[in-house]
Structures are given as C-alpha cells and as structure tokens.
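Please read the structure below before turning to the comments.
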2 protein chains.
Amino acid sequence: MNYVNKGRLAHDQVSELTTNRLSVYLRCLNQVIDGAGVTTVSSQLLADQFGLNAAQIRKDLAYFGEFGVRGVGYYVKDLRGNLRQILGLDRHLRVAIMGAGNLGLALADYPGFRQEGFEIGGLFDVANEKIGQESRGGVLTYDVKELKRLARRERFDIAMIAVPASRAQPVVDLVVSVGIKAILNFSPGVLKVPNNVKLKGVDLTVSLESLSFFLAQDNAGG
Amino acid sequence: MNYVNKGRLAHDQVSELTTNRLSVYLRCLNQVIDGAGVTTVSSQLLADQFGLNAAQIRKDLAYFGEFGVRGVGYYVKDLRGNLRQILGLDRHLRVAIMGAGNLGLALADYPGFRQEGFEIGGLFDVANEKIGQESRGGVLTYDVKELKRLARRERFDIAMIAVPASRAQPVVDLVVSVGIKAILNFSPGVLKVPNNVKLKGVDLTVSLESLSFFLAQDNAGG
DNA sequence: TTTTGTGAACTAGTTCACAGCT
DNA sequence: AGCTGTGAACTAGTTCACAAAA
C-alpha cells in the first residue's frame, strides 16, 4: 500500500457511486495529461471541465488519503498513480468472457479494456462451431468445459457474462465454482451469487426502457 | 392516458432509479406470466422472488396510480399493461445506431431490444467498406451523411452511440441536430447535450474498474 | 385476514462553507 | 491568495409500520 489508508477500508464499505467516480476521475486525468503539459490540477478545474462537483471530487479522494496540496491542487501524475493503485489497475487483471455470440465477441475486442491494462484471456462457449475460432482481435474461443482447467492456468480475475438470459444462472454458478470473485453481467435478469463474489450488472434493456419512459413523459406532459 | 396520472408527472421529476426499477418490475412480471397461470401477484411475492423490497415496489407503482387491490395484490396482466404504457412501450420506438463496429453490430442484433418492441432502423458509419453491408440479423449500414434524410423518413426516436470516444461528441451533435431526443451512449467520457435531450450512459470501463477496485480491496483488507 | 398505499422515520449521498495549510 | 480537507447542512432515496380497503 502506497496511499494513506487510514484504516477505513476494512471497516466502512466504500459506496459503488464513489468507486465509479474514481474511475471517471482517472479518465479525466488521462485527458488532462494528453492535453497541454500541466503538472497540477485543482478540483475546481476538473469540475468545470468535466461537469462534476469540486467538493465531491475532494471528498472522494480524501477518503483514500491526502493527495492534494493546499493552495496548489493535485499533482496530475501522482494522483493518476494513486488512483490506478486504489482501483487495482497496477495489477494485471485477466478476464474470461462467457458466451462467444455477437456481444461476447464485441467485448473481447473492445479497445477500452486493453487500454487500462485488462487482458482478455479467452471466450467460452458451448457451440462446437465456435470453439477454436478467434475474434477479429485474436481472442480464442474455448469449450466452456475447459473453464475449470484454464482458470487454474490463466488465473482469471473477472468474468463477463454474455450468454442468453436463460443460461446465465448456471454459467454464473460455474464461474463462481472455479474461484472467480468478480462478475460483470450483461444478461438481463436477477442472478444469485455468494456474498464473497462481487456481481455488477449492465442491463441494456433497462437502460433503453428508461429512455423510452423519458420520451413517453415528454410527449404526454407537454 | 389510461393509468391514473394524478397530475404529478408534469410537476415533480421521477427519479431515474425509479424508472430503472419499473423496467425491472416489467421483466419480473413477464417471468411470472411465463410461469404457472397465476393471475395476481403481491408486492411481497415479487420482492421475495426477485430480491427486491416490497414497500419500494408499492411506492414506485403508487406514484403512477392505484394499480393494486387491497387484500389481493396486483392483477398480473393489468399491471403489465400499465407498466408498458408508463414506460412508453405501447408505442413503436425506432432506434438508430451510430457506429457499425463490433459493438454497434452486436447492439443491432441484440435480441432483447426487439423483444420489448424496439425497432433497429439502421446502423450509421463513415467507413465506405461498411456502408451497404448488413449485420447478421439484417440491419443495414448507411453513410452517416444520410442520417438527416433518413431521420425524416424513419422518425428515429432513440440513438445509440457506439463510435470511438474521440468521435462521440460530434456524432452526438449530429444526432441532436436531426431532432433525436433520447441517446444511449456506449462511448466512454463526458458528452454535452441540450437540456431537452435525455442522455444515458453505459460505461464499460467504469463498470470493469469498479470490479477491479473490489478485488483490490478484497485482497488488501483480508 | 390479507395486502395495498402512504406518512413518518431512517439511511445514504451531495453540496455548502470555512478552518487550516502552503 | 489559493486550494484542500472536512464538519455541518441539506437533499434524495429507502424502509418501516400502520390505517384503510377488499
């Protein structure tokens, strides 16, 4: 541990809203770095530039340590390093994608994942015609029966679920059984996992229907 | 309007957390209908079966009308109809997908969208080799320059943004300029839209990094 | 009796505003 | 002077608990 822990993390539970924002802050810093050669940045500047709240940025960061310098702001490179460490991006996380359909293949080649240091270790499917095939980006599809064997060798940290809804629960059970502790689920519907496994859902139908609601109200309400 | 409005919708703003849950409730009801021939369901039963809170279900629904019967529960088919109407799914919404890369093509063929009555009207891209091509599911890719002309004819309600991050803002500006009022953004980063346009983001990097955070804490904290 | 609909109580999350450091 | 870090105030969201209705 390089950042000041303050002994909180073992006690309180950090809100998911906060962890999501940490990821956003990191992206903002990367953009700042890509831009002109600024070495420091204030919470106010970040807030203005990216539509955030300055106090919230400070509070989120202060939770993990005192990264800033009063009167100056945050040293961009230092803060970036600290955020990467807090988010666990200094490790090399390996991802298994369950389901080599359209969505699974798209996720396998999604450039944003590799950029932040995630490695897609393989696709897993039941369909014989898919097994042995590679995605455009070169990710190989394995028989789902091989997951157990490969999980040992490849040490998968995260699984993404991109199988049809009806197959999602058994696939999640399998993923949990091989010791994977973090799951990103793209299939619609509720899934059960043990408490020591973190499940995060990306629900496309809910997102789209929420937009539909907005349009319906908009047209009705005037 | 078939459901009791109570005149609230024009005044208060419904929380996005609530609208997301409405979509979840609808999916739960669909599953209940697929199962045994039950005609009524109580908030408690839904809560138990899908890991929700009964009071919250009742409160969310009560906001839009009195759909339940005391001592009985909710008539499943009626409630389903009311939810579909509230969410605007009784209309026929048309979707344009900006970007015919891996992700755009996967979205175009995603079965969950069609299932709830959304129609994918076309993919739009700048790459000449993609224009005129069809997705596996038969969605045609048009030149992005055609958006304006086609938007008039096809009356797109919703746009999904699946272009690289660097192209996202100009593409959103274009989408807004042709009169589309609801946008689902899959590209990472902050986008600006006028207030009368609803922008919703699905941020894959943030989701994955949030899982990474969990793993980092888990291993560090014991 | 059962279960809704809802005020009240509670919990979580955000923003303000300023002391304190550089 | 400028900006962080943070208690206090505020706002939003959830859950409780019960009166009212079937």
Side-chain angles (χ1 to χ4, degrees), chain A residues 3-8 11-25 28-29 32 38-76 78-80 82-83 86 206 210, chain B residues 3-8 11-25 28-29 32 38-76 78-79 82-83 86 210:
Chain A
Y3 60 87
V4 183
N5 184 313
K6 294 188 182 176
R8 282 172 177 156
H11 315 298
D12 312 357
Q13 179 70 21
V14 186
S15 151
E16 191 138 333
L17 295 169
T18 302
T19 68
N20 288 348
R21 283 194 299 264
L22 293 179
S23 174
V24 170
Y25 301 156
C28 294
L29 286 181
V32 167
V38 285
T39 55
T40 67
V41 70
S42 70
S43 58
Q44 192 57 59
L45 187 95
L46 282 174
D48 292 346
Q49 190 153 358
F50 299 102
L52 310 167
N53 178 287
Q56 184 156 70
I57 296 173
R58 293 200 299 277
K59 201 152 243 191
D60 285 338
L61 297 176
Y63 191 82
F64 296 94
E66 303 210 351
F67 303 130
V69 180
R70 288 163 199 234
V72 177
Y74 300 90
Y75 287 96
V76 178
D78 287 2
L79 183 55
R80 182 174 177 277
N82 279 310
L83 280 173
I86 294 167
V206 166
S210 191
Chain B
Y3 60 86
V4 183
N5 184 312
K6 295 190 180 176
R8 281 170 178 159
H11 313 299
D12 311 358
Q13 178 71 21
V14 186
S15 150
E16 191 138 334
L17 295 170
T18 302
T19 67
N20 287 349
R21 283 194 300 263
L22 293 179
S23 174
V24 171
Y25 301 156
C28 294
L29 287 180
V32 167
V38 287
T39 56
T40 68
V41 69
S42 71
S43 58
Q44 192 57 59
L45 187 95
L46 282 175
D48 292 346
Q49 191 153 357
F50 299 102
L52 310 167
N53 178 286
Q56 183 157 69
I57 296 174
R58 294 200 298 277
K59 200 151 242 192
D60 285 337
L61 296 176
Y63 191 83
F64 296 94
E66 304 210 349
F67 302 128
V69 181
R70 287 161 199 238
V72 176
Y74 300 90
Y75 287 97
V76 178
D78 287 2
L79 184 54
N82 278 311
L83 279 174
I86 294 167
S210 191

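Sequence lines set the chain letters: A, B, ... in the order given, protein chains first and strands last, and positions in each chain run from 1.
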Problem set entry | Of residues 41-52 of chain A, the positions that come close to DNA chain C - non-hydrogen atoms, cut-off under 4.0 Å | none
For this session: Check whether any side-chain heavy atom of Thr19(B) lies under 4.5 Å from a side-chain heavy atom of Ile86(B), and answer yes or no.
Result: no
Exercise. When the distance from CD of Gln56(B) to P of dA12(D) is rounded to whole Å, what number comes out?
Worked result: 17 Å
Exercise. Which part of the nucleic acid, if any, lies within contact of Ser15(B), taking any heavy atom under 4.0 Å across all strands shown: a base, the sugar-phosphate backbone alone, or nothing?
Worked result: sugar-phosphate
For this session: Could you tell me whether the side chains of Asp48(A) and Gln44(A) share a donor-acceptor contact shorter than 3.5 Å?
Result: yes
Exercise. Once you round it to whole Å, what is the distance between P of dT11(D) and CD of Gln13(B)?
Worked result: 17 Å
Problem set entry | Interatomic distance, Asp60(B) CG vs dT4(C) P [rounded to whole Å] | 14 Å
Problem set entry | Among dA8(C), dT6(D), dG5(C), the one nearest Lys59(B) by side-chain distance | dA8(C)
Exercise. When rounded to the nearest 0.5 angstrom, what is the spacing between OG in Ser42(B) and CZ in Arg58(B)?
Worked result: 9.0 Å
For this session: Mark yes when over 12 heavy atoms from residues, nucleotides or ligands other than Phe50(A) sit less than 6.0 Å from its CZ; otherwise mark no.
Result: yes
For this session: Using only side-chain N and O atoms of Tyr75(A), determine if any of them is under 4.0 Å from OP1 or OP2 of dC3(D).
Result: no
For this session: Could you tell me whether the phosphate oxygens of dG13(C), OP1 or OP2, come under 4.0 Å of any side-chain nitrogen or oxygen in Arg21(A)?
Result: no
Exercise. Quick one: are Leu45(B) and Tyr74(B) in side-chain contact, heavy atoms under 4.5 Å?
Worked result: no
Exercise. Between Asn53(B) and dT15(D), does any side-chain N or O lie under 4.0 Å from OP1 or OP2?
Worked result: yes
Problem set entry | Ile57(B) CD1 - dT6(C) P separation (whole Å) | 16 Å
Problem set entry | Distance, rounded to the nearest Å, where Phe64(B) contributes CZ and dT6(C) contributes P | 13 Å
Problem set entry | OP1 or OP2 of dG5(D) under 4.0 Å from side-chain N/O of Tyr74(A) | yes
For this session: Scan nucleotides 17-22 of chain D nucleotide by nucleotide, 5' to 3', and note B when protein non-hydrogen atoms come under 4.0 Å of the base, S if they reach only the sugar-phosphate, - if neither.
Result: B--BBS
Exercise. Expressed in angstrom and rounded to an integer, what is the separation of Leu79(A) atom CG from dC3(D) atom C1'?
Worked result: 14 Å
Exercise. Whole-Å distance between dT14(D) P and Leu17(A) CG?
Worked result: 11 Å
